[in-house]
Number of protein chains: 2
Amino acid sequence: MSSSKPPSPRTEPAAVPAAVVNRLSLYLRELQHLVQHGIQTISSSQLGERLGFSDAQVRKDLAHFGNFGHPGVGYRCDELISEIRRILGTDRRWSVALVGVGNLGRALLGYRGFAPQGFALAAAFDSDPAKIGGRIEGVEILPMDRLSEVVAERHIDLGLIAVPAADAQTAADRLVAAGVRGIVNFAPLALVLPDGVSQVGVDLARELEQVAFAVASRLRSGQTNGQ
Amino acid sequence: MSSSKPPSPRTEPAAVPAAVVNRLSLYLRELQHLVQHGIQTISSSQLGERLGFSDAQVRKDLAHFGNFGHPGVGYRCDELISEIRRILGTDRRWSVALVGVGNLGRALLGYRGFAPQGFALAAAFDSDPAKIGGRIEGVEILPMDRLSEVVAERHIDLGLIAVPAADAQTAADRLVAAGVRGIVNFAPLALVLPDGVSQVGVDLARELEQVAFAVASRLRSGQTNGQ
DNA sequence: GTCTGTGAAAGTGTTCACAGCG
DNA sequence: CGCTGTGAACACTTTCACAGAC
């Protein structure tokens, strides 16, 4: 995330920790999965156990936003799904623009997991003239200089950046200038964005580094230490 | 991450928080970027500022692992890069297996960001007979029933799972049985893995949900104010 | 009895602020 | 001086434990 953080003068009424929002997404996936299997209610301890959290954690997370549970029963899955979607803002449709139609961009255009969560890839842009005019998964590849116009026209609020690292900041600047208010950035660098525009960075090599560290740590402690 | 967590009997010598390891990756990227631009040393405050962290945060994170700084000077970039790579375990080459050669799998095979960080995609598997035998980015697509054999043969330690959600757990089980000790899972569900095998989950829709929440929150507080 | 929601306690992580080194 | 490394203070998160609802 980004936005202003350092100058935090007074305690705002309800600043929800990013970690809570992250877990909300996990709860949502699990609930959607449960519903598909015909399960109608679930307790905080059952939900937590499936995801590796404590029951109290689940209840506290949800308590940030209201009282959704039913004492003696648990949570009704469909009800809680609606509530979490409302909290996350995915009870409506979000139009998303993709910038960069390389390997990763194409995969994002074809990804089936966006639509069920309320995200529609409504436009794709690339700077390569050879790609422009082509269609991938029904989405036409447009030139960068039409970005501003199309983002406004199609009421696009979020952007996906899948360009090489060197071009990512420029892509972000264009999206922001066009009115986009949130960006998921797949380039391995931190974007500099104005206040009021959120970013989430996804660095594929970083994800591998995290597991590599865990594995390397285990190897080290396994060799040098008892447990 | 996964591994055992609930039954944590005694305080281990140095349990490094996952958040620290995450930031280590960010520091590493930034340092690599700085070196490319000819910068040789950097202070904790400069490094932190570029990534949105405090100077103390940077120093504390690094202090978990040793004394890498030079008072009055800062950190020497190339030195710190080596140290962080050693800590993360990426001072050596990791062989990685990909399971699932769909849109996303192909993008991962073609991703240029893995090699510079020490990760080599050494094998790719798919269950679709039509794909088997094909080559993508120089990597041959192999059938699932050769997974165990090839993982052993090529000394593969990490796996990337890019199959549909319904097949992800099976893919994980096969990788684990073959000896893989860490998995990055792109399917939107939590894998059940034995102790000693780490996982990092990357759910693309979840990343969008995180920015959607931030944007929606800003809209709400901007429109209604009070809350 | 089961399960939620929630204050209070425990535990973690972050920032402060300064001694000490180059 | 500038900057690191670090104990101490602070803030935040998680867990505990129990009153109240079904």
Side-chain angles (χ1 to χ4, degrees), chain A residues 1 4-24 26-27 31 34 39-77 79-80 83-84 87, chain B residues 1 4-24 26-27 31 34 39-77 79-80 83-84 87:
Chain A
M1 221 65 36
S4 57
K5 265 292 184 54
S8 172
R10 76 203 68 172
T11 311
E12 286 294 321
V16 181
V20 173
V21 184
N22 248 287
R23 286 192 296 266
L24 246 36
L26 297 175
Y27 301 153
L31 289 162
L34 290 167
I39 287 136
Q40 296 190 323
T41 67
I42 190 164
S43 67
S44 58
S45 54
Q46 289 172 308
L47 182 55
E49 194 180 15
R50 286 165 168 274
L51 295 164
F53 306 126
S54 72
D55 56 339
Q57 175 96 80
V58 173
R59 294 199 300 276
K60 263 274 156 63
D61 283 348
L62 295 172
H64 276 95
F65 306 98
N67 296 6
F68 309 133
H70 302 274
V73 179
Y75 299 86
R76 286 202 248 287
C77 294
E79 209 175 275
L80 191 50
E83 291 293 353
I84 295 180
I87 294 162
Chain B
M1 221 68 31
S4 57
K5 266 290 182 56
S8 174
R10 76 203 68 173
T11 310
E12 285 296 319
V16 181
V20 172
V21 184
N22 249 286
R23 287 193 295 267
L24 246 36
L26 298 175
Y27 301 153
L31 289 162
L34 289 168
I39 287 137
Q40 297 190 324
T41 68
I42 191 164
S43 67
S44 58
S45 54
Q46 289 172 308
L47 182 56
E49 194 179 15
R50 287 165 168 274
L51 295 165
F53 305 125
S54 71
D55 55 338
Q57 176 95 82
V58 174
R59 294 198 299 277
K60 263 274 156 63
D61 284 348
L62 296 173
H64 276 95
F65 306 98
N67 296 7
F68 310 133
H70 301 274
V73 178
Y75 299 87
R76 286 201 248 286
C77 294
E79 208 175 275
L80 190 51
E83 292 292 353
I84 294 180
I87 294 162

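Residue numbers begin at 1 in each chain, while the letters A, B, ... track the order of the sequences.
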Checklist entry - At under 4.0 Å, does any side-chain N or O of R23(A) touch on OP1 or OP2 of dT14(D)? => result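 Checking R23(A) against dT14(D): at least one side-chain N or O falls below 4.0 Å of OP1 or OP2.
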
Next on the checklist: So, does S54(B) get its side chain near the phosphate of dT15(C), meaning an N or O under 4.0 Å from OP1 or OP2?
Outcome noted: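 Looking at the OP1 and OP2 atoms of dT15(C), one of them is under 4.0 Å from a side-chain N or O of S54(B).
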
Does any non-hydrogen side-chain atom of [Y] lie less than 4.5 Å from one of [X]?
{"X": "I84(B)", "Y": "F68(B)", "value": "no"}
{"X": "D55(A)", "Y": "Q46(A)", "value": "no"}
{"X": "Y27(B)", "Y": "L80(B)", "value": "no"}
{"X": "D61(A)", "Y": "F53(A)", "value": "no"}
{"X": "C77(A)", "Y": "T41(A)", "value": "no"}

Value in whole Å for how far the [atom2] atom of [N] lies from [atom1] of [X]:
{"X": "H64(B)", "N": "dT6(D)", "atom1": "NE2", "atom2": "C1'", "result": "12 Å"}
{"X": "Q57(B)", "N": "dA17(C)", "atom1": "CD", "atom2": "P", "result": "17 Å"}
{"X": "D61(A)", "N": "dC12(D)", "atom1": "CG", "atom2": "P", "result": "17 Å"}
{"X": "L80(B)", "N": "dT4(D)", "atom1": "CG", "atom2": "P", "result": "11 Å"}
{"X": "Y27(B)", "N": "dT4(D)", "atom1": "OH", "atom2": "P", "result": "12 Å"}
{"X": "E49(B)", "N": "dC3(D)", "atom1": "CD", "atom2": "P", "result": "12 Å"}

Next on the checklist: Checking side-chain polar atoms at under 3.5 Å, does S44(A) have a donor or acceptor matched by the opposite partner on R59(A)?
Outcome noted: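 Yes.
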
What pairs of nitrogen or oxygen atoms, one from the protein and one from nucleotides 3-5 of chain C, lie under 3.5 Å apart?
unit_1 : atom_1 : unit_2 : atom_2 : d
dC3(C) : O4'    : G72(A) : N      : 3.3
dC3(C) : O2     : G72(A) : N      : 3.4
dT4(C) : OP1    : S44(A) : N      : 2.7
dT4(C) : OP2    : S44(A) : OG     : 2.7
dG5(C) : OP1    : F68(A) : N      : 3.1
dG5(C) : OP1    : G69(A) : N      : 2.9
dG5(C) : OP2    : Y75(A) : OH     : 2.8
dG5(C) : N7     : R59(A) : NE     : 2.7
dG5(C) : O6     : R59(A) : NH2    : 2.9

Item to check | F53(A) vs A56(B), nearer the 5' end of DNA chain D by closest nucleotide | outcome: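 Nearest nucleotide further toward 5': that of A56(B).
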
Checklist entry - Ignoring hydrogens and angles, does a donor from either the side chain of K60(B) or the base of dT6(D) sit under 3.5 Å from an acceptor on the other? => result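 For K60(B), whose side chain was compared with the base of dT6(D), there is no donor-acceptor pair (under 3.5 Å).
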
